[in-house]
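Data first, discussion second: the structure below is written as structure tokens.
These numbers were taken from a predicted model, which means no experiment stands behind them. No hydrogens, no waters, no symmetry mates; every other heavy atom, side chains included, goes into these values.
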Amino acid sequence: MRLKELLHYTYIFPVLAVGYYFSGLMGSGVFYDIIAGILLTGSVLSAVHHAEMVAHKVGEPFGTIILALCITIIEVALIISLMVAGGDQAITLARDTVFAAVMIILNGILGICILVGGVKYHEQFFARTSATTYLVSIVSILVLTLVLPNFTSSVNGPFYNEAQLIFISIACLVIYGVFLMVQTVRHRSYFIVPDEHPEEHYIPSLQKTLVSFGFLVVCLVIVVLMAKGLSGTIEDMVQSIGAPKSLVGVIIAGVVLLPEGVAAIRAARSNQIQSSLNLALGSALASIGLTIPAVSTVCIMYDIPLVLGLDKKDIILLSLSVFIVMLSLSRGKTNILYGTVLLVNLAAYIFTVIVP
């Protein structure tokens with residue numbers, strides 16, 4: 001690669017962010033945290049660029065799968081590190097983070113994509129079979145992991161015992177594994193819209209693709225590390241306005257999901273709503289389908305109690321979100337009303353976190 005290409009902001013920001021993080025300046029004051037926030041934002045935008053480079057090379061749906069899996073792996077690592085450090089005080093961390101991620105993806109990312117596409121193109125079209133395939137898998141895993149624990153009787157409270165955790169973890173992995181086979185092999189055509197102008201797309205070389213993939217991983221890692229480093233500042237800010245501590249999890253989940261969110265919105269603006277759905281719904285499925293088994297394994301190994309069941313308010317909001325998404329994607333085309341309703345649902349979720 002030429003030196004001019006390496007001086008692009010998508011290469012400079014991740015390098016500066018890594019150096020700044022390990023310099024120890026974060027947390028030294030408001031000014032230093034503002035600099036960290038700028039570098040964090042630059043790293044997010046860089047991650048989107050490198051993800052798109054990889055996606056152009058490997059094609060759909062593999063490009064969106066790579067981004068979803070990278071972010072999920074980093075999310076899992078963040079949750080596990082905080083749980084191991086927090087012990088019994090972190091028993092609801094996995095549930096709250098996964099729930100926040102799912103609500104942000106289903107209502108926020110998907111809602112903005114549909115709204116942006118509807119404003120610009122009036123209607124956008126996608127394969128209904130792909131949406132159905134995603135939602136069947138997502139709804140099953142959501143109920144098994146976040147709702148069913150409230151109604152089992154082996155352990156008091158919204159818990160699973162060890163045997164139940166093992167079973168649910170295997171169930172999640174089976175559903176996600178079969179879904180990946182369907183998406184990439186058996187019914188790959190469900191998730192691809194024929195390109196009318198393939199000659200217009202830039203295909204990077206193998207060298208550039210490998211470099212972009214490496215920087216994508218660096219960007220995602222540093223985004224999570226800096227989000228974790230800024231969590232204390234965010235927590236102080238949340239407490240200063242009198243909001244519950246659970247809002248911190250929502251903010252951090254939003255930061256971690258920024259790369260795929262920006263990529264999905266850019267795809268919608270380019271009239272590629274199928275790619276937006278692949279990113280949003282694929283991320284939601286990977287987030288919950290892989291996070292719960294990984295966290296369950298760690299909790300069993302370290303004997304950490306794990307609360308999975310949601311309270312009644314959150315179950316209602318989750319049910320509403322899933323129901324609206326199913327209706328919105330049932331016809332194979334979108335309009336601005338669907339996106340507006342989903343964003344109102346997100347606002348209701350965030351508002352009830354702040355004012356429970």
Measuring from [X]:[atom1] to [Y]:[atom2], what's the distance to the nearest 0.5 Å?
X      : Y      : atom1 : atom2 : answer
Ile170 : Ile175 : CD1   : CD1   : 12.5 Å
Leu115 : Thr334 : CG    : OG1   : 10.0 Å
Leu135 : Leu329 : CG    : CG    : 6.0 Å
Tyr176 : Gln183 : OH    : CD    : 7.5 Å
Ile265 : Ile114 : CD1   : CD1   : 12.0 Å
Ser328 : Leu342 : OG    : CG    : 4.5 Å

Compare all side-chain heavy atoms of [X] with those of [Y] and state whether any distance is below 4.5 angstrom.
X      : Y      : answer
Ile315 : Ser319 : yes
Phe99  : Leu318 : yes
Ile288 : Ile138 : no
Arg95  : Thr92  : yes

- request: Say whether, by atom type as modelled, one donor and one acceptor occur between the side chain of Thr132 and the main chain of Thr129 under 3.5 angstrom.
  value: no

- prompt: Would you say the side-chain atoms of Asn271 pair up with the backbone N or O of Gly117, donor to acceptor, closer than 3.5 Å?
  reply: no

query: Does a side chain donor of either Ser321 or Asn107 reach within less than 3.5 Å of an acceptor in the other side chain?
result: yes

Would you say the rings of [Y] and [X] are close, in the sense that their centroids are separated by under 6.0 Å?
X      : Y      : answer
Phe167 : Tyr160 : no
Phe191 : Phe126 : no
His49  : Phe13  : no

field: Ring geometry between Phe179 and Tyr134 (parallel below 30°, tilted from 30 to 60°, perpendicular above 60°)
entry: tilted

task: Determine the minimum heavy-atom distance between Asp33 and Met26, stating which atoms define it.
output: OD1-C, 4.1 Å

message: Give me the atom names and distance for the closest heavy-atom approach of Gly309 to Pro149.
response: N-CB, 3.8 Å

Under 3.5 Å donor-acceptor pairs involving side-chain atoms of residues 217-227, not counting sequence neighbours:
none

message: Tell me whether the count of non-hydrogen atoms from other residues, nucleotides or ligands lying under 6.0 Å of CD1 in Ile336 goes above 12.
response: no

- request: For Phe213, look at atom CZ and say whether over 12 heavy atoms of other residues, nucleotides or ligands are found less than 6.0 Å away.
  value: no

